Structures are given as structure tokens and as C-alpha cells.
Amino acid sequence: MQRISDDIVHIGINDREIDLFEGMYDVPNGVAYNSYIIFDDKIAVLDTVDKHFCAPWLNEVETELGSREPDYLVVSHMEPDHSANIVAFADRYKSAKIVGNAKTFAMMNAFFGRDFSERRIVVADGDTLELGKHSLKFVFAPMVHWPEVMVAYEPNEKILFSADAFGKFGALDSGEPWDDEARRYYIGIVGKYGVQVQALLKKLGGIDVAKICPLHGPVLDSNLGHYIGLYDKWSKYEPEFDGIMIAYTSVYGNTAKAVGELERELKNRGVENVETFDLARRDLADCIAKAFAYPKLVLATTTYNNEYFPAMRAFVDGIVERNYQNRFVGLIENGSWAPVAAKCMRARLETCKNVTFADTVVTVRSALNDDSRAALSKLADELTE
Ligand code: FEO
């Protein structure tokens, strides 16, 4: 248990056993599922946790409640990492009402075959649940990260219960810095939905927030401008850093040599921040998230099956489907007999909004030569113009 204030506690779980979050994101430092209890005239429990932790979570609820019975279970979100134990809770606390919106209960029925019609409270956007001196004002946040998501603002303590927003990967005791794992989490799960995140930020714009209590990661209680500023930037698809990202794959090292040559050319032109990713060896979700952090991106890869290399395809698909936009892209291809990688990558990226391309396309025919070195130099010029 972590005390958030005199009347509010955190009763979440640190999951150190998980290998892949949502079945795809590597989480070497685990993940936290946060649940909260507000004690007042009425007692509200906010969200449950992943199904693997039903017993310890219910034990913690029981420990915190003592002899009192909860009045409400507030369901912000039906993704199973938070909703899996709704039925267990409802069966344990039979007088508690289940609070959600119309979409929440439709999903509940789909997941559990139960929608608690006899003891549910269906809220609308902007509705308030009174608890005593505390209350929860619900603000719908569709697609941040599922369509039924609603966040809740508690005005007495100025706390925003933000659902998945402002979360991060990593158990609470991981001790890692927030930005990198929050970016990887954000771009991974809601990167596509920048418009909807902007809509939520605008709805919350006039609200005085002292603490943010998300469903994953630490409670944020200071320097909130930093976190909100990053969410604003990410959801507007604005770059976070200066500099250039190079993402590459290399089969026998010749494309890697071209990348090394470009790095030198860029450093010689005074670019201080060049971050290079070998896509076959780096975490894909991190590579994708970083692409959104830089204003310029260079892709270097091999022609493969008359397309381009699989790890690069996964990367390009990953950024395109997350609405990659407003960026400048340079292309380097390698092909020993029929190079088409640059043409294919460009065709995929041309589906993005406001992505512009360097005029110079570097074609390496097997290994670097004078022509491809000269093209790399021209590409470096364009990237630093
Ligand atoms: Fe953490 Fe969308 O669930």
C-alpha cells in the first residue's frame, strides 16, 4: 500500500513475472497495475488489476477496508490488465455498485457474460459521483486507450485518476527514469491516437491538477508540467529532441558501413545528436518510439525478396500505423543486383501526412564506392541544411 493522502491509498501490484505486456512489449523491469481506494462517507475502489494477481489484490483491498464495505467499484477501462477481477470483486462485495459508462457495461457483458444491471451506475461524460467531501467527475477519453475509457477528477485533492494516460512500463520499484519508458508505452499503445489525446488534454485544460494517478507507473505529484508537456508534444507529433535518428539493418556489414560513413559526415557538419539503431538487435517498440522523438530519420536497409529487409518492414509499418507525420526522411538502400528498398520504403511512408524526403537517395551496390560515398555526403548536406 502507498498512501496518496489521508483518505486515498494506492493498492496496486508490481508485476515482475510478466515477459510481454499486451503480448508484444518487452518489459524487462515488469509493469505496475495501479488500483486506488478513496475513503469518505462512501468508499470507492478504482479499477482492479491483472488476473494473475486477483488474490493479493483482493487481500489488499480487504486489509485496507477492515470492517467497512466498499460502496463503489469505478471501472475506468475494460482492458483486462485492469478489469480482470471485476467479477471476483463484485462477488466478494455484493452491496458495492459498479460504476462505468454505457460502453463499459457492453464490454463487461462481452468479457464476463454479466453486466451487473441490478447494481450498476451508468455515468455520462461530465457526471459526478459524490463520495462525501470527495467526488469524482468523469471525463470521457475515447481511444486513450480504448473507446470506453474515462478518467476521473477529484476536486477536493485536485487528483486526476488518468486511466492509462501518463502511465509507463516498469514496476514501481524499478527506479528507472520516467521519460523513456513512458514514451515507449505511450507511442506503443496510443501513438496512433494523437487527436484523441489532444482532445483529452483540451478537456482537462482548465482543471487544477496537483497529482496524477495513472493505471501504470508512479503517481506523479511534482513537476507535472514536464509530463503534461511531453504528452502534448507526443500527441501533436512534434519532435522531442534535436538531432537525427538513423535506423538500419545490415546483412553482411556493408549497409552498416554506409551508416557509419553518414554518421561521420553528420558529425563533421556539427550535428551533435545522432542516434543509431540496428533494428535487428534493438527493441522494436523503443526504435518506433524514438522515431517520434526526432525531427529527422534516415532509413538504411537491404533489398530483400524484391522488397526490403523484414526488421525494417516491421519498423516502418510500426511508425506508419502510429500516424508518423511531420518529419524529414533520408533513404539509403543496398542491393547487389536489383535494389528496390528505397522505392518501397518511400511508397510506404508516402501514405503518411507531411513526410518529406531528401532528394538524394543513396544506393549502395554491394559495398561502398566513390559514387555511394559522394551520395552519402550529399545526403548529409540535405539533412543539415
Ligand atoms: Fe493498461 Fe489499456 O490498459
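No hydrogens, no waters, no symmetry mates; every other heavy atom, side chains included, goes into these values. Please read these numbers as outputs of a predicted model, since none were measured by experiment. Remember, it's 1-based here, ligands and their atoms both numbered in the order they're listed.
- Of the charged side-chain nitrogens involved, at least one lies within less than 4.0 Å of a carboxylate oxygen, so that Arg183 and Asp180 count as a salt-bridged pair.
- Atom 1 (Fe) of ligand 1 has an N, O or S atom of Asp81 inside 2.8 Å of it.
- The name of the N, O or S atom in Asp164 nearest to atom 1 (Fe) of ligand 1 is OD1.
- Just one of Phe315, Tyr304, Tyr248 meets the ring pair (Phe, Tyr, Trp, His ring centres under 6.0 Å) condition when paired with Phe309; it is Tyr304.
- Put simply, His82 gets within reach of atom 1 (Fe) of ligand 1, with an N, O or S atom under 2.8 Å from it.
- Between Asp173 and Arg16 a salt bridge is recorded (basic side-chain N to carboxylate O distance below 4.0 Å).
- For Glu79, the N/O/S atom at the shortest distance from atom 2 (Fe) of ligand 1 is named OE1.
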Hey, can you pull the donor-acceptor pairs under 3.5 Å for the side chains in residues 52-61, sequence neighbours left out?
unit_1 : atom_1 : unit_2 : atom_2 : d
His52  : ND1    : Asp50  : OD2    : 2.6
Trp57  : NE1    : Ser35  : OG     : 3.0
Asn59  : ND2    : Ala55  : O      : 3.4
Glu60  : OE2    : Met1   : N      : 2.8

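- Residues satisfying the salt bridge (Lys or Arg N to Asp or Glu O under 4.0 Å) criterion with Glu22, sequence neighbours excluded, are absent altogether.
- Look at His145 and atom 1 (Fe) of ligand 1: no N/O/S atom of the residue is under 2.8 Å from the metal.
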